[in-house]
Each structure stands twice: as C-alpha cells, then as structure tokens.
Amino acid sequence: MSRARAAVILAAGQGTRMKSDLPKVLHPVGGRPMLDWAIASARGLGAERVIVVTGSHSPQVRAHAASIVGESSVAIQDPPLGTAHAVRAAEQALAGFDGDVVVLYADAPLVKSESLAAMFALREAKGGMAVLGFTAPNPFGYGRLITDAEGRLQRIVEEKDATPEERAINLCNSGVLCADAKALFQLLSMVKNENAKGEYYLTDVVGLGRSAGFFTHIVEGDETEVLGVNSRVELSEAEAAFQRRRRRAAMESGVTLIDPNTVFFSHDTEIANDVVIEPSVYFGPGVKIGKGARIKAFCHIEGAEIGEGAQIGPSARLRPGTKLGAQVKIGNFVEIKNATFGPKAQASHLTYVGDADVGARANLGCGTITCNYDGFDKYRTTIGEDAFIGSDTALVAPVTIGKGAYTGTGSVITKDVPDGALGVGRSRQVNIDGWADKNRAKKQKAKDTK
Ligand code: UD1
Ligand code: MG
C-alpha cells in the first residue's frame, strides 16, 4: 500500500515584477488562478494534507488559500528568508503527519501529474528523495543538478553560487521535491544561509541528505512544465504552453479544431468527440459540449452546457447559466445568459435571451429580446414548446408564452399569451393614400421658389 501524501505549496513571494494589484499567484492561467493549479495537482496525487505557505504581506492570497484548503492549512512565512525557510514554515501545520511530502511552487502551474506520480513512485521504490529535473538549452538562473560519474545526484548548486564549469551544466532543478516528511524537516533544520543570496535554500537538503546516506533520484520533465511565472511575459508563455497542451489533448480525444492556434480553452473545458470547432473561439471556465456539436467561428462561450449536435454561431455569445439541449441552433449575434433551451429550439439571428426557459422546438425570430431587468431586479421569461416568437418581439418579463403560441412581429409582450394563442402588442398600421406624392411636390416647390 502506498504511503500517505501531503503537499507544501510555496506562495510567499511578492511577485513585484507582475506590477499588479492582484497577487501574482492569483493571476489565472487557463481561467484558473495559478495557486489553484498547484492545489489541484496536489489533490490529484491524493495528498491528504495540502499546506499553502504565504507571506503576511498578502491577506488576499491567505484568504483565497484558506477558502480552498482551510484556515489551519495556511502557514505564514514572515519575513521570507528562502525556500528552505518557507517549507519549514509549514512544519507546524503538518504536525503529526507521517508519510511523503512534495514541495510545489505556486507560480509554476503546469507541472504534469504524471511527473509527480513518477517522483512518488521512485521514492517509494528506492527510498531517499526525488526531484523533478529538466534539461534547458539556456539554463541561466536555474539551480543545476550535480551528478557523480554514475549519474547519481550529489547536490544542487544555485546559479549565483556555481563555478563556471557548473554553470555549463544543462540539467536543472525545477524546485519540485518529494521526501519523507520527517526526514525532510530534519534535513531542513540543518540548512544554513551561507551562500551568495544569504538565503536558506531548499536545494541544500539534497547535499545534506547525500552526506547522511540518502540518495535523491531525478525524474526528468520538460521545460514547459516547470515554467515559473514572474512577469506578464512569462504569464503569457505559461498560458501559451497550457493552450498548446489543451488543443493537442482535444484533438487526440476526437475533436476537430480547424485552426487550433485560434481556439482558447479553460482548465475545465469538456468537449465530447466529433465536435467541430471553427477558428477564433474562446472558452471561458465551465463549458461542456456534447457529441457532434459545431461551434462556428468567433464565438465567446463561458459557463455553458451545449447539447449533442447543437450548432452555435458564428459570432454568438453564451454566458454563464446557459443550458442548450440537443440540436439547438443558435445563430449570429445572439447572446444567451442564465437560460435553458429545450431540444431543437432555435434563435438564429440578433437576439438576447436572459433569464429564460425556452421549450423544445420553439423558434425565436430575428431581434427577439427578453427584457429581464428593470434596473433593480431580474425576471424570468418562459416560452412554451413549439412557440413561435415573431421577429423583433420584446418580451417584458416576468411573462409566459404558452405552448405552440405565436407573437406578432414587432410586439411588446407584457401579458402572458395562452397556449395556442397569438399575442399582438403593437399599434395598428394606417395607410394615408397619396401622402408621399403630395409631400414630394410640396418640398420641390419650396426649393424652386428659393
Ligand atoms: C528556485 C530553486 C532553483 C530552481 C528554481 C526553479 C532554491 C534555492 N532554488 O530558485 O534551484 O532552479 O527555483 O524555478 O530553491 N518562496 C517563498 N519564500 C521564500 C522564497 C521563495 O515562498 O522565502 C517561493 C516563491 O514565491 C516561489 C518559490 O518559492 O514560488 C521559488 O522561489 P524563487 O525565489 O523564485 O527561487 P529561484 O531563485 O527561482
Ligand atoms: Mg523563481
């Protein structure tokens, strides 16, 4: 049976280079804060305790972390004296824990769960500790993994403390480390800050462990998964790496992306196979799409469920709370919010549907508007099955259109329309014979006499 697992997530950095009022680790990648990525990775590994280490300078990070892992699992490191010092700050919160612990950085959101699982597996099989390493064409700035003739890790040396020969090494430290919790805290208590930065380095536990007879095993990942975010430029690089990964996964699971580079996913986008996505489509968080649907070009979709075989767009906007049944058709310049559409219902052009329930097979004509808001409260509109809403109908909610009912084109509907009835709410047309000819003659005469 595998050992109990815990995670310590380091998030005490100031993130000043982001130049943002929002703390760095709360900036999103794939629509989810970076800190949440780290917490999700830890939970994905089956970590029973997840401790977030943050600084006292950031009550926002503290509150955010506490809302996910609980107040007692947030540790404060103040002042920040290095990564070893940060992990030690978690010791109290981990009191009584007996098992393996992994250290993650909150500003490195793309570490793969396969790599973490491999680290735990290696440690369980061979004892000692495990680090996630990677080969960088340009290793500048990273700690280097110093191995012996047999390729066994001896120690980690930081850029600033490295000799020119050590700096020439391309095998780098990601910072992710996995060890037996008790052994790790024992080694951490021995770490000193006698180095170029005057910091307590977590990486020193590798050398200290080696002297005490512990080996540290290396799992090699790739550079994109260890990408750390310190600036907006790096944030965009992490986003790009996430999008590449997600596009590939979508295509591998049977989704057609006509121009993959222009389709943007969120961390939780769920798309069934045989869905076709045309160019320039953006998925915010909370989107689920059923088999065989087609998302046409230029759609913005968030918090929406789309049924099997549905057709959306081009240029449609689906907002949170949208639930569309099978084979629904939503056309160009249609906005939908907090509304359900039964199977085969349609809104093909220039329509706003907010806070509404639309029955199966109902047809909303061009320019239909649900008037759902009076400046204070929101009201619902109900449209029955097989109803036919004439073009340019304003439905003043709360209002119900019965099953199979019609509304006349250009109507302002303020009262319920019974099943099977026609609701007309507009002034009657009057034709004035000869008016246009007379008017034209009058205008021409005035011009001629000038
Ligand atoms: C660290 C590693 C280095 C590795 C690199 C990978 C050490 C000594 N070095 O260097 O080997 O190649 O990451 O990106 O560990 N933090 C705290 N409290 C502190 C200091 C840092 O919580 O007192 C957090 C930061 O917010 C950040 C993480 O720890 O999330 C790493 O700190 P950072 O200063 O970026 O370390 P690097 O110098 O990049
Ligand atoms: Mg760093």
Side-chain angles (χ1 to χ4, degrees), residues 7-18 23-27 33-35 37-39 41 51-58 61-62 65 74-91 93 102-111 129 131-136 138-146 153 155-162 166-167 169-177 179 184 187-188 191-208 216 218 220-231 234-235 237-238:
V8 173
I9 298 171
L10 304 190
Q14 302 247 21
T16 45
R17 277 184 283 159
M18 293 296 283
K24 175 172 80 174
V25 298
L26 300 186
H27 279 261
M34 289 192 274
L35 175 58
W37 277 95
I39 295 171
S41 300
I51 313 300
V52 176
V53 179
T54 176
S56 51
H57 58 85
S58 186
V61 173
R62 190 176 175 171
V74 180
I76 303 295
Q77 184 203 20
D78 189 25
L81 301 177
T83 45
H85 182 253
V87 177
R88 287 191 78 179
E91 190 166 4
V102 65
V103 177
L104 300 168
Y105 292 171
D107 60 1
L110 299 180
V111 176
M129 300 187 279
V131 293
L132 180 61
F134 62 100
T135 303
N138 172 16
F140 180 81
Y142 290 117
R144 309 295 205 284
L145 302 185
I146 312 295
L153 185 60
R155 60 198 170 84
I156 301 178
V157 63
E158 292 304 299
E159 172 81 31
K160 284 197 172 162
D161 303 293
E166 288 168 339
R167 282 186 191 154
I169 295 170
N170 291 92
L171 187 59
C172 299
N173 174 36
S174 69
V176 181
L177 176 131
L184 178 64
L187 292 170
L188 283 170
V191 171
K192 298 196 172 64
N193 65 349
E194 289 152 8
N195 51 51
K197 280 181 153 178
E199 285 186 3
Y200 296 89
Y201 291 162
L202 171 62
T203 44
D204 282 356
V205 299
V206 171
L208 289 166
T216 299
I218 304 171
E220 261 206 70
D222 62 71
E223 200 178 359
T224 60
E225 70 176 307
V226 302
L227 200 146
V229 173
N230 299 296
S231 64
E234 287 169 353
L235 182 68
E237 285 164 358

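No experiment lies behind these values; they were computed from the predicted model shown. Whatever order the structure lists ligands and atoms in, that order sets their numbers, starting from 1.
- Shown in contact with Thr83 at under 4.0 Å from a heavy atom are these atoms of ligand 1, numbered in order with element: 7 (C), 8 (C), 15 (O), 20 (C), 21 (C), 29 (O), 31 (C), 32 (O).
- Counting heavy atoms from C-beta on, the side chains of Tyr200 and Asn193 come closer than 4.5 Å.
- Distance check on atom 23 (O) of ligand 1: some protein heavy atom falls below the 4.0 Å cut-off.
- Note that CG of Asp204 and CD of Glu194 are 10.0 Å apart. Values are rounded to the nearest 0.5 Å.
- For atom 11 (O) of ligand 1, a protein heavy-atom neighbour is found at a distance under 4.0 Å.
- The shortest N or O to N or O distance between Gly175 and ligand 1 is not below 3.5 Å.
- Distances between N or O atoms of Gly143 and those of ligand 1 include at least one value under 3.5 Å.
- For atom 37 (P) of ligand 1, the protein comes within 4.0 Å by no heavy atom at all.
- Each of Leu35, Val103, Ile51, Val74 was evaluated against Ile9; a single residue qualifies, Leu35, per the side chain to side chain contact (heavy atoms under 4.5 Å, CB included) test.
- At a 3.5 angstrom cut-off on N or O pairs, Gly141 does not count as close to ligand 1.
- Less than 4.0 angstrom separates atom 33 (P) of ligand 1 from none of the non-hydrogen atoms of the protein.
- Within the 4.0 Å heavy-atom criterion, the part of Gln77 lying near ligand 1 is the side chain and not the backbone.
- The shortest non-hydrogen separation linking Gln77 to Gly82 is NE2-O, 3.3 Å.
- Proximity to Leu10 (heavy-atom distance under 4.0 Å) selects the following atoms of ligand 1: 22 (O), 24 (C), 29 (O), 30 (O).
- Against a heavy-atom cut-off of under 4.0 Å, Ala86 is close to the following atoms of ligand 1: 17 (C), 18 (N), 22 (O).
- Interface of Tyr201 with ligand 1, defined as ligand atoms under 4.0 Å from a residue heavy atom, comprises 8 (C).
- Note: no N/O pair closer than 3.5 Å links Tyr142 and ligand 1 by distance alone.
- Looking only at distances, no side-chain donor or acceptor of Lys197 sits under 3.5 Å from a matching main-chain atom of Lys160.
- Here is the list of ligand 1 atoms found below 4.0 Å of a heavy atom in Ser174: 6 (C).
- Within 4.0 Å of atom 15 (O) of ligand 1, at least one protein heavy atom is present.
- Ligand-side atoms of ligand 1 in range of Pro80: 19 (C), 23 (O), range being under 4.0 angstrom from any heavy atom.
- No N or O atom of Leu202 sits closer than 3.5 Å to an N or O atom of ligand 1.
- Between the side chain of Glu199 and the backbone N or O of Ala84, no donor-acceptor pair lies under 3.5 Å.
- Looking only at side-chain heavy atoms (C-beta outward), Val8 and Leu10 come within less than 4.5 Å of each other.
- Residue contacts with ligand 1: Thr203 is placed with no nitrogen or oxygen under 3.5 Å of a nitrogen or oxygen of the ligand (distance criterion only).
- Contact annotation: the side chain of Val229 never approaches that of His27 to less than 4.5 Å [non-hydrogen atoms, C-beta and beyond].
- Numbered from 1 in the order shown, with element, the atoms of ligand 1 that lie under 4.0 Å from a heavy atom of Leu81 read 23 (O).
- Close contacts between ligand 1 and Lys197 involve ligand atoms 38 (O) [criterion: under 4.0 Å to a heavy atom].
- Taking a 4.0 Å cut-off on heavy atoms, Gly228 fails to register as neighbouring ligand 1.
- Checking side-chain atoms of Ser174 against main-chain N and O of Leu132 turns up a donor-acceptor pair under 3.5 Å.
- Using a 4.0 Å cut-off between charged side-chain N and carboxylate O, Glu166 and Arg155 make a salt bridge.
- Residue Glu158 has at least one N or O atom closer than 3.5 Å to an N or O atom of ligand 1.
- Considering backbone and side-chain atoms together, Asn173 places an N or O closer than 3.5 Å to an N or O of ligand 1.
- Looking at Arg144, its side chain does come within 3.5 Å of a backbone N or O of Arg167 through a donor-acceptor pair.
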